[in-house]
Amino acid sequence: MSLALIGGLVGLAFAVVEYFIFGALIARAEKRGERGRGPHVLDLARKAQLILFPVIGVIVGSILAGDEGI
């Protein structure tokens, strides 16, 4: 298993954990009846992290392994 793959999997694990944490924050905001852009921005951020964290993990793992290709 290459370091790039391990980095991608670690990034995915962090993204999944933060997805649920942000989901809990959004649920609390909806319970309190908060309106505005806050919950929408948190929802957008948690969905973007599912893509960005694994990609960053693959890049960092590739750099640490010394691989030029991904």
Side-chain angles (χ1 to χ4, degrees):
M1 189 179 292
S2 71
L3 285 180
L5 180 60
I6 292 171
L9 292 174
V10 169
L12 181 63
F14 279 119
V16 168
V17 169
E18 289 204 13
Y19 185 85
F20 288 113
I21 290 172
F22 281 7
L25 288 173
I26 292 168
R28 284 180 53 193
E30 287 177 356
K31 276 186 182 178
R32 290 190 305 235
E34 290 185 17
R35 300 281 184 238
R37 297 177 63 185
H40 177 67
V41 170
L42 281 177
D43 188 46
L44 181 64
R46 75 183 188 147
K47 290 175 183 172
Q49 285 177 352
L50 286 175
I51 297 170
L52 291 177
F53 280 11
V55 170
I56 292 170
V58 167
I59 292 170
V60 170
S62 165
I63 290 171
L64 290 177
D67 298 337
E68 294 300 323
I70 293 178

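Numbers here simply count residues along the sequence, with the first being 1.
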Working note: Leu50 + Glu18, criterion side-chain contact (heavy atoms from CB on, under 4.5 Å); need CA distance, chi angles, decisive distance, verdict.
CA-CA 9 Å; Leu50 286 175; Glu18 289 204 13; over 6 Å; no

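- Heavy-atom neighbours of Phe22 CZ from other residues, nucleotides or ligands within 6.0 Å: above the threshold of 12.
- For the atom pair CZ (Arg35) and CD (Glu30), the distance works out to 8.0 Å, reported to the nearest 0.5 Å.
- Follow the hydrophobic side-chain contacts under 4.5 Å out from Phe53 and you reach Ile6 in the same cluster.
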Does the side-chain contact (heavy atoms from CB on, under 4.5 Å) test come out yes or no for Gln49 and Phe14, once each step is laid out?
CA-CA 9 Å; Gln49 285 177 352; Phe14 279 119; over 6 Å; no

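- The number of heavy atoms from other shown groups lying within 6.0 Å of CZ (Arg32) is above 12.
- Residues Gly23 and Arg46 share a closest heavy-atom pair of CA-NH1, 3.1 Å.
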Test side-chain contact (heavy atoms from CB on, under 4.5 Å) on Val58 and Leu5 and set out the steps.
CA-CA 6 Å; Val58 167; Leu5 180 60; over 6 Å; no

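- Under a hydrophobic clustering in which Ile, Leu, Val, Met, Phe, Trp and Tyr are joined whenever their side-chain heavy atoms come within less than 4.5 Å, directly or via other members, Ile26 and Ile21 fall into the same cluster.
- Note: the hydrophobic cluster containing Leu25 also contains Val17 (ILVMFWY, side chain heavy atoms under 4.5 Å, direct or indirect links).
- Placement of Phe20 and Leu42 in two distinct hydrophobic clusters is found when ILVMFWY residues are connected by side-chain heavy-atom separations under 4.5 Å, directly or transitively.
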Using side-chain contact (heavy atoms from CB on, under 4.5 Å), reason through Asp43 and Lys47 one step at a time and then give a plain yes or no.
CA-CA 6 Å; Asp43 188 46; Lys47 290 175 183 172; 3.1 Å; yes

